[in-house]
Amino acid sequence: MSEVIYPRESVYNLIPKERVQNEKPPRYMSKFRPTIVLEKKLTKDAMKTMGPAKVEVPSPEKYLKKHSKEPKLPEKKQCSKESPNTYTMKKPAVPARKDNPPMGIYTKRDFIKTNTAVPMKPQPTCVDTNKGHKELLENSGLVPKYIKKRDYGEVPEYLLQRNEDERRAQEEYDNFVKEQTDQGAMKHLSDAERQAILERLKKNWDELHHEYQGLSLVTDTLSKKSHKERLEVAMKKLENDINLFERFKTIYVTNN
């Protein structure tokens, strides 16, 4: 069973306490209330009756008669022989068996071609301007027929711009090289010199590669690690130089 916990006994609990009554605030009343009540009473009696108060009472003589609201058809007109325009004319009589058809009537019209001719379909067009200019859809380039496009077979503008930029950059580089050569600051390497330098670079790379292959597989000390890293950096630099000499045939070097 659960235990009930009572508050501690105290002498102060025997002192009578005064009850505090919470007074409610006065109810809110709008100052426009009397005006609204008066307006409601004034307009309340306006719609007591359904419809207007004074309505013209129908006369008892004008009661609803039978078929009075049905639509009236126009009166029928009698046909007579004296007025033949009031009805449709009769068709001509069927020709008799003894009657001969009209002969000798010729025409230049070819009925065979006329009957076998296929009506010409309008060609599809498209409007390409806001002023209503029309153009054949096949020649507009909007259909997947690239040979009909206006700029078919022409070099795109971005390629022309790229070629122009490359030509301008090449001209600036050539002018710079020419100026440096005239001043004596740069020297052009001949093919023999370029080949000699290339052979020496490859020989140095072979020596470093041979030394790199002779390293131990276990690099457990700092000296082994640093020696291996130095060889890798030197070989990478030689590879870049060899690639540069093999890629470019024209090479300039400074005299300094």
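Heavy-atom basis, side chains included; hydrogens, waters and symmetry copies ignored.
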Exercise. Answer whether the closest heavy-atom distance between the side chains of Arg162 and Glu157 falls below 4.5 Å.
Key: no

Self-check item: Non-hydrogen side-chain atoms of Lys202 and Glu246 separated by less than 4.5 Å
Solution: yes

Quiz item: Strictly by modelled atom types, are Glu70 and His67 linked by a side-chain donor-acceptor pair under 3.5 Å?
Solution: yes

Quiz item: What distance separates Met235 CE from Tyr212 OH, expressed to the nearest 0.5 Å?
Solution: 7.0 Å

Quiz prompt | Atom pair CG (Leu208) and CD (Glu239), whose distance is rounded to the nearest 0.5 Å | solution = 10.5 Å

Practice problem: Check whether more than 12 heavy atoms from other residues, nucleotides or ligands sit under 6.0 Å from atom CD1 of Ile112, and answer yes or no. | Solution: no

Quiz item: Do Asp220 and Lys224 meet the salt-bridge criterion of a basic N to acidic O distance under 4.0 Å?
Solution: yes

Quiz prompt | Crowding at CG, Leu14 (>12 non-hydrogen neighbours, <6.0 Å) | solution = yes

Practice problem: Check whether any side-chain heavy atom of Lys237 sits under 4.5 Å from a side-chain heavy atom of Asp241, and report yes or no. | Solution: yes

Quiz item: Can you get from Leu160 to Tyr158 by hopping between Ile, Leu, Val, Met, Phe, Trp and Tyr side chains that sit under 4.5 Å apart?
Solution: yes

Practice problem: Supply the atom-to-atom distance Thr219 OG1 to His227 NE2, rounded to the nearest 0.5 angstrom. | Solution: 12.0 Å

Quiz prompt | Contact check, side chains of His133 and Val127, non-hydrogen atoms, under 4.5 Å | solution = no

Quiz prompt | Gln123, CD: over 12 other non-hydrogen atoms inside 6.0 angstrom | solution = no

Self-check item: Stepwise side-chain contact (heavy atoms from CB on, under 4.5 Å) check, Trp205 with Leu201
Solution: CA-CA 6 Å; Trp205 186 88; Leu201 290 175; over 6 Å; no

Practice problem: Determine whether Lys65 and Tyr63 make a side-chain contact, defined as any pair of heavy atoms from C-beta on separated by less than 4.5 Å. | Solution: yes

Exercise. Please answer whether the main-chain N or O of Ile251 pairs with a side-chain N or O of Arg194 as donor and acceptor at a distance below 3.5 Å.
Key: no

Self-check item: Distance in Å, Gln161 CD paired with Glu166 CD, rounded so as to fall on 0.5 Å steps
Solution: 11.0 Å

Quiz item: Got Thr250 and Leu189 here, is their nearest side-chain heavy-atom distance under 4.5 Å?
Solution: no

Quiz prompt | Under 3.5 Å: donor-acceptor pair, side chain of Ser68, backbone of Leu64 | solution = no

Self-check item: Between CG on residue Leu198 and CG on residue Asn243, distance to nearest 0.5 Å
Solution: 10.5 Å

Self-check item: Qualifying residue, where the test is side-chain hydrogen bond (donor to acceptor under 3.5 Å, both in side chains) with His209 and the options are Gln213, Glu207, Glu211
Solution: Gln213

Practice problem: Could you check if a side-chain atom of Leu137 sits within less than 4.5 angstrom of a side-chain atom of Thr125, using non-hydrogen atoms only? | Solution: no

Exercise. Give, for atom CD of Glu199 and atom CG of Asn204, the distance between the pair rounded to the nearest 0.5 Å.
Key: 11.5 Å

Quiz item: Do Asp174 and Gln170 have a side chain donor and acceptor closer than 3.5 Å?
Solution: yes

Self-check item: Carboxylate-amine/guanidinium contact Glu171 Arg168, below 4.0 Å
Solution: no

Quiz prompt | Beyond-backbone contact of Lys228 with Leu231, side-chain heavy atoms, under 4.5 angstrom | solution = no

